[in-house]
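This report refers to the structure that appears directly beneath it.
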Amino acid sequence: MKIGIIGAGNIGGNLTRRLTALGHDVSVANSRGPETLKALAEETGATPVTAAEAARGARVVVVTVPLKAVPDLPSGLLGEAADNVAVIDTGNYYPQQRDGRIAAIEDGLTESRWTEQQIGHPVIKAFNGTYAQDILDKGQPQGAPGRQALPVAGDDPAAKRTVRDLIDELGFDTVDAGGLDESWRQQPGTPVYGNRGDADAIAKALADASPERTAEWRA
């Protein structure tokens with residue numbers, strides 16, 4: 001499968017490592033240009049590209065950049081992606097730590113709904129509460145006892161299925177966390193954020209979430 005990854009930080013870099021190892025055709029971009037990705041490309045066999053090129057022909061596109069950088073992504077980012085492209089948003093809103101105040105999110109819009117509006121394409125929220133190292137170390141075969149599970153939220157059933165199948169291939173179970181307007185259940189500060197539990201534990205953590213954003217996660 002052709003996969004574009006926009007953002008080569010901890011999550012983006014480790015997804016590049018795992019997905020190339022699984023045989024996928026991965027293009028990876030960052031904000032500083034393809035020449036700065038030479039080492040990652042040599043390590044993994046991924047193709048370093050500009051952000052504008054990352055989605056070209058891609059069946060899956062992973063947007064894994066700081067939220068404050070999302071509005072700076074190239075316009076028409078997904079214009080040359082596959083018709084049925086699934087877009088994964090791994091982002092989190094860290095107003096005090098990194099992103100500053102984003103008024104719409106402060107007013108109650110879910111983080112991924114905001115990202116969706118910025119890029120003009122539906123997104124699937126996944127990997128946002130996952131430790132980057134776990135992507136390399138924690139994958140297990142289907143049916144393994146205690147297999148770690150990740151929550152996945154989104155409105156498009158076909159795109160969500162594509163993302164859940166890809167996560168399964170990486171070695172993790174998934175739990176359907178509902179539509180994107182329910183994705184507050186997996187934002188920072190919720191019981192599922194950073195939770196390494198199995199599918200039952202993740203389902204319970206999602207159910208136990210409160211929509212009230214605590215002071216640590218408000219501007």
May I ask you to test the [X]-[Y] pair for a side-chain heavy-atom distance under 4.5 Å?
| X | Y | result |
| --- | --- | --- |
| Asp89 | Glu116 | no |
| Ile124 | Thr162 | no |
| Ile135 | Ile11 | yes |
| Gln148 | Gln140 | no |
| Leu37 | Asn30 | yes |

Item checked: Within residues 178-188 or reaching into it, pairs that qualify as salt bridge (Lys or Arg N to Asp or Glu O under 4.0 Å) - sequence neighbours excluded ->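 Sorted pair list: Arg113-Asp181, Glu182-Arg185.
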
Linked, directly or transitively: [X] and [Y] (ILVMFWY side chains, under 4.5 Å):
| X | Y | answer |
| --- | --- | --- |
| Ile119 | Ile105 | yes |
| Ile3 | Ile167 | yes |
| Leu22 | Val163 | yes |

Checklist line | CA sep, side-chain torsions, deciding dist, call: Asn128, Gln186, side-chain hydrogen bond (donor to acceptor under 3.5 Å, both in side chains) | finding: CA-CA 8 Å; Asn128 73 291; Gln186 64 193 80; 3.0 Å; yes

Checklist line | Atom pair CG (Leu19) and CG (Leu15), whose distance is rounded to the nearest 0.5 Å | finding: 5.5 Å

Next item on the list: Calculate, to the nearest 0.5 Å, the distance between atoms NZ and CG belonging to Lys125 and Leu150 respectively.
Entry: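 If we round to the nearest 0.5 Å, Lys125:NZ and Leu150:CG are 13.0 Å apart.
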
Which residues pass the side-chain contact (heavy atoms from CB on, under 4.5 Å) test with [X], not counting sequence neighbours?
| X | result |
| --- | --- |
| Asp200 | Asp198 |
| Gln142 | Arg147, Asp168 |
| Thr50 | Pro34, Ala52, Glu53 |
| Asp176 | Lys160, Arg164 |

Next item on the list: For a side-chain contact (heavy atoms from CB on, under 4.5 Å) with His24, tell me which candidate from Arg59, Met1, Lys2 qualifies.
Entry: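 Passing option: Met1.
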
Notebook entry, point to check: For Asn92 and Tyr94, does a side-chain donor sit closer than 3.5 Å to a side-chain acceptor?
Noted result: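 Short answer, yes.
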
Could you work out, with salt bridge (Lys or Arg N to Asp or Glu O under 4.0 Å) as the rule, every residue matching [X], not counting sequence neighbours?
| X | value |
| --- | --- |
| Arg17 | Glu43 |
| Asp134 | Arg196 |
| Asp156 | none |
| Asp165 | Arg161 |

Note to self: For Asp208, I'd like to know if atom CG has over 12 heavy atoms of other residues, nucleotides or ligands within 6.0 Å.
What the structure shows: yes

Next item on the list: Ignoring hydrogens and angles, tell me if any N or O in the side chain of Tyr93 forms a donor-acceptor pair with the backbone of Thr110 under 3.5 Å.
Entry: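 No, Tyr93 side chain to Thr110 backbone: no donor-acceptor pair under 3.5 Å.
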
Check: So, does Thr115 use its side chain to make a donor-acceptor pair with the main chain of Ser112 at under 3.5 Å?
Finding: no

Which pairs would a plain distance check flag for residues 211-219, meaning a side-chain donor or acceptor within less than 3.5 Å of a matching protein atom at least two apart in sequence or in another chain?
unit_1: Arg213; atom_1: NH1; unit_2: Glu111; atom_2: OE2; d: 3.0
unit_1: Arg218; atom_1: NH1; unit_2: Arg213; atom_2: O; d: 2.4

Distance-only criterion, 3.5 Å: show the donor-acceptor pairs between side-chain atoms of residues 61-88 and protein atoms not counting sequence neighbours.
unit_1: Thr64; atom_1: OG1; unit_2: Thr90; atom_2: OG1; d: 2.8
unit_1: Lys68; atom_1: NZ; unit_2: Arg98; atom_2: O; d: 3.3
unit_1: Glu80; atom_1: OE1; unit_2: Arg56; atom_2: NE; d: 3.2

Next item on the list: Would you mind listing every ring pair (Phe, Tyr, Trp, His ring centres under 6.0 Å) that reaches into residues 109-132, with sequence neighbours excluded?
Entry: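 Sorted pair list comes back empty.
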
